[in-house]
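A, B, ... follow the sequence lines: proteins, then strands. Residue 1 opens every chain.
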Number of protein chains: 4
Amino acid sequence: MQRKFPRQQRARATVEAILQAAAQLLTDLGFEALTTARVAERAGVSVGSLYQYFPNKQALAAAMIDYYAEKLSAAFIEAVEMRPYGSLEETIGAMIEVAMVAHPHDPKLHLALNELAPRYRAEKVREVGDRIAGIIEGQLARHRHEIAPDLDLGEAAALIETLLENVVHRAIERHPVSVRGERAIDQCGRMIMAYLTSTRRHAA
Amino acid sequence: MQRKFPRQQRARATVEAILQAAAQLLTDLGFEALTTARVAERAGVSVGSLYQYFPNKQALAAAMIDYYAEKLSAAFIEAVEMRPYGSLEETIGAMIEVAMVAHPHDPKLHLALNELAPRYRAEKVREVGDRIAGIIEGQLARHRHEIAPDLDLGEAAALIETLLENVVHRAIERHPVSVRGERAIDQCGRMIMAYLTSTRRHAA
Amino acid sequence: MQRKFPRQQRARATVEAILQAAAQLLTDLGFEALTTARVAERAGVSVGSLYQYFPNKQALAAAMIDYYAEKLSAAFIEAVEMRPYGSLEETIGAMIEVAMVAHPHDPKLHLALNELAPRYRAEKVREVGDRIAGIIEGQLARHRHEIAPDLDLGEAAALIETLLENVVHRAIERHPVSVRGERAIDQCGRMIMAYLTSTRRHAA
Amino acid sequence: MQRKFPRQQRARATVEAILQAAAQLLTDLGFEALTTARVAERAGVSVGSLYQYFPNKQALAAAMIDYYAEKLSAAFIEAVEMRPYGSLEETIGAMIEVAMVAHPHDPKLHLALNELAPRYRAEKVREVGDRIAGIIEGQLARHRHEIAPDLDLGEAAALIETLLENVVHRAIERHPVSVRGERAIDQCGRMIMAYLTSTRRHAA
DNA sequence: GATGAATGAGTTTTCATTCAT
DNA sequence: TATGAATGAAAACTCATTCAT
């Protein structure tokens, strides 16, 4: 029983190497060019081994999605729970920051995964999305009095979640690293704040 | 990108049939399953003909993207210029509507193209994006006095453009045809209005 | 009847344009890349027209071979009959020169045709080869007294013909335009002369 | 050029089977009809395997050329070093014989490869040619005193090498197996000997 | 006659997946 | 278990040839 440990250790290392290699290839070449052979090679593993852990390519894609989705979710929770007494504005700012730097090594990866996800893991995506929306809603609730009373917090949270997932990364994609990119993020924060504190007359 | 300019009537018809078939397949099966043979078959044309006009699969993708991007751009311009005297709120509403129903026959197609575009036609995407942002900026300028004076209209337009392109479709994707989807759109309008008319204190 | 002339004129021009285009492509890209479409395009003619004059690709190849083989044969005859009183050495020199500059515009073309010929026109190649060998033999006969008496003139002529057809062009190919190339040609002349005037002791 | 170095026994067998099958097809049907599928089939192997070792058709052609070029080169060296004390005439004779029977199983194959080589492996062809010319030059040097003093041995060797490579095979091609063919070879030997021992007066 | 659009069988090439070692 | 050789169905792409206009 004890002797199994090192094996499991190694297995875990292999799985992670594969996942990491897959992520790299996804970033560098896109999903079209991501072949199991290439993944295995970059992971320093044989194709056979890859299939030991992932029964097919879809499973690999799904695992990547899950892995990073969980990472994102965890980062979100952590960022929010870190400052339990922050102001609404600070909280929003923290969320945007997490959305941006969730994958510090690669915004391209996040984008690519976002494209893959609905195809291979629609359920999971929705689930994580809902979880994050729940967290956001919780935070909004903490500041209920600062928020326009006619706003449905659930709706607002869902909208903000979508915004964070999509707009932030697209903004970076278009104006990478530049001042304009940074400004776009700022504007994003302003937009959310304005929305939350808007008075009724703005409603469509 | 098209190999040659079709001179005869027949040729133009063929090109259109191919483009249409490709769009259908993209919608029905996704890009993965879009093979040149299938496209040709559905277009009622031989593979040879397809390759006469599109030297490779990428070119076909690019042509589709260009075609629909132009269509979207045109729809935008038309929608906006239709009501030259509308209020800011009406204008924003019209824009959202266009973004939503740009392809009345198929929101799925729009979504699929949005995924393809950055990979196959990044330049074009940026170009059309900028063009649309320009139009939005023009509209914002018409209502300068209603908008927070510290807002840079260019920045604001870019942000709104990104929002329209991404959030609207993602919202539809997650909550298709449902009431929530519709509401999300409403909220989107509210958000934009709030942002535009926000007072300084909201700035990040 | 008269009116037919311009038509035939035009047809001949078309045929020649096609043949020339084919020769160019053969030289530039090799036979693999010589497609009927490309030939037609370079000839400034439609594929349909090409097929009007050449029922298939083989026929085109055969026509090229015949065309240039006849040209070579004619050049040979002319070169030899020009100087009916020349010495053996002069005659040999003239022959080498013809073999070299038969296609002043392109030694590569000659080489390529030499490769094609056996496949598409073995009969013709043999025929022209024999014809040229006959001419050479006639010239040798004129100098019978200078030539080793044990040499069979037919055999000698055949060998010389092969030498001219093959060695000269290969020599150019390997050492193009260079001094060495020129020298190789000189050596070739020397070799033939030595062979013809050799005494019996050299026989294998 | 080969995609990867075969590590297992099985792999080496596969590569050899492919190479052999390709050579057979080249001989039987010519390069035009040599398709990767047919090669794989005749080798009793899947197309996939073929592409595992040869990334494309050209690489396959190149590998064949290299393989047989090396074989020829080795045969040449062996033939020459076998009789280190032979006379000049014997040595020349041996060389001619090697050139003729380099591929005892198939002169057609040699011919076909000779056509392919300049297109797919010009460098290699030159290299092997030079190597063989070097060997010839070495032999000539051993008999310097029998050779016309004004001859440049390097030049002579290059010429002889070209002669052997081309004339011999063309001679076989035109007059296969026949007495004339054999005689042509004899004459070739005589020619070379005459050239080497010729006195100055023959020089062009 | 001339044109060039259309054809489709035939090639090359890829890649997820299996399986003997 | 790990390896990497082998598989082969499926994809992309070519090109000689036909035929409606």
Here the distance between atom C1' of F:dC15 and atom CG of C:L60, to the nearest Å, is 14 Å
Pairwise N/O distances under 3.5 Å, protein to nucleotides 15-17 of chain E:
unit_1 : atom_1 : unit_2 : atom_2 : d
E:dA16 : OP1    : A:K57  : NZ     : 3.1
E:dA16 : OP2    : A:T36  : N      : 2.7
E:dA16 : OP2    : A:T36  : OG1    : 3.1
E:dT17 : OP2    : A:Y51  : OH     : 3.1
E:dT17 : OP2    : A:K57  : N      : 2.9

Those residues at least two apart in sequence (or on a different chain) that pass side chain to side chain donor-acceptor pair (under 3.5 Å) with B:T27 are none
Those residues at least two apart in sequence (or on a different chain) that pass side chain to side chain donor-acceptor pair (under 3.5 Å) with A:R42 are A:Q24, A:D28
Here the pair of heavy atoms bringing C:T36 nearest to C:L50 is O-CD1, 3.6 Å
In short, salt bridge (Lys or Arg N to Asp or Glu O under 4.0 Å) pairs touching residues 48-69 of chain C with sequence neighbours left out are C:D66-C:R121
Sorted by chain and number, sequence neighbours left out, side chain to side chain donor-acceptor pair (under 3.5 Å) with D:N114 holds for none
Has C:S46 got a side-chain N or O lying under 4.0 Å from the OP1 or OP2 atom of E:dG4? no
Hits for side chain to side chain contact (heavy atoms under 4.5 Å, CB included) against C:N56, two or more places apart or cross-chain, chain-then-number order -> C:Q58, C:A59
Between CD of D:E16 and C1' of F:dA5 the distance, given in whole Å, is 16 Å
Sorted by chain and number, sequence neighbours left out, side chain to side chain contact (heavy atoms under 4.5 Å, CB included) with A:A112 holds for A:L26
Notebook entry, point to check: Are any of A:Q52's side-chain N or O atoms less than 4.0 Å away from OP1 or OP2 of F:dA2?
Noted result: yes
Sorted by number, residues from residues 21-29 of chain B placing a heavy atom under 4.0 Å from DNA chain E are none
Taken to the nearest whole Å, CG/C:L50 to P/F:dC19 is 17 Å
From CZ of D:R12 across to P of F:dA6 the rounded distance in Å is 12 Å
**Prompt:** Got a donor-acceptor contact below 3.5 angstrom from the C:T14 side chain to the C:R10 backbone?
**Reply:** yes
Contacts of B:E127 meeting side chain to side chain contact (heavy atoms under 4.5 Å, CB included) (sequence neighbours excluded), chain-then-number -> B:K124, B:R131
ask   = Taking only side-chain nitrogens and oxygens of D:Y53, does any of them come within less than 4.0 Å of OP1 or OP2 of F:dG4?
value = no
Under the rule of Watson-Crick or G-U wobble with both distances under 3.5 Å, where | means paired to another strand and [ ] a crossing pair, DNA chain E maps to .||||||||||||||||||||
With sequence neighbours left out, the residues meeting ring-ring contact (aromatic ring centres under 6.0 Å, His included) with A:F31 are A:Y120
Sorted by chain and number, sequence neighbours left out, side chain to side chain contact (heavy atoms under 4.5 Å, CB included) with B:T35 holds for B:A37, B:R38
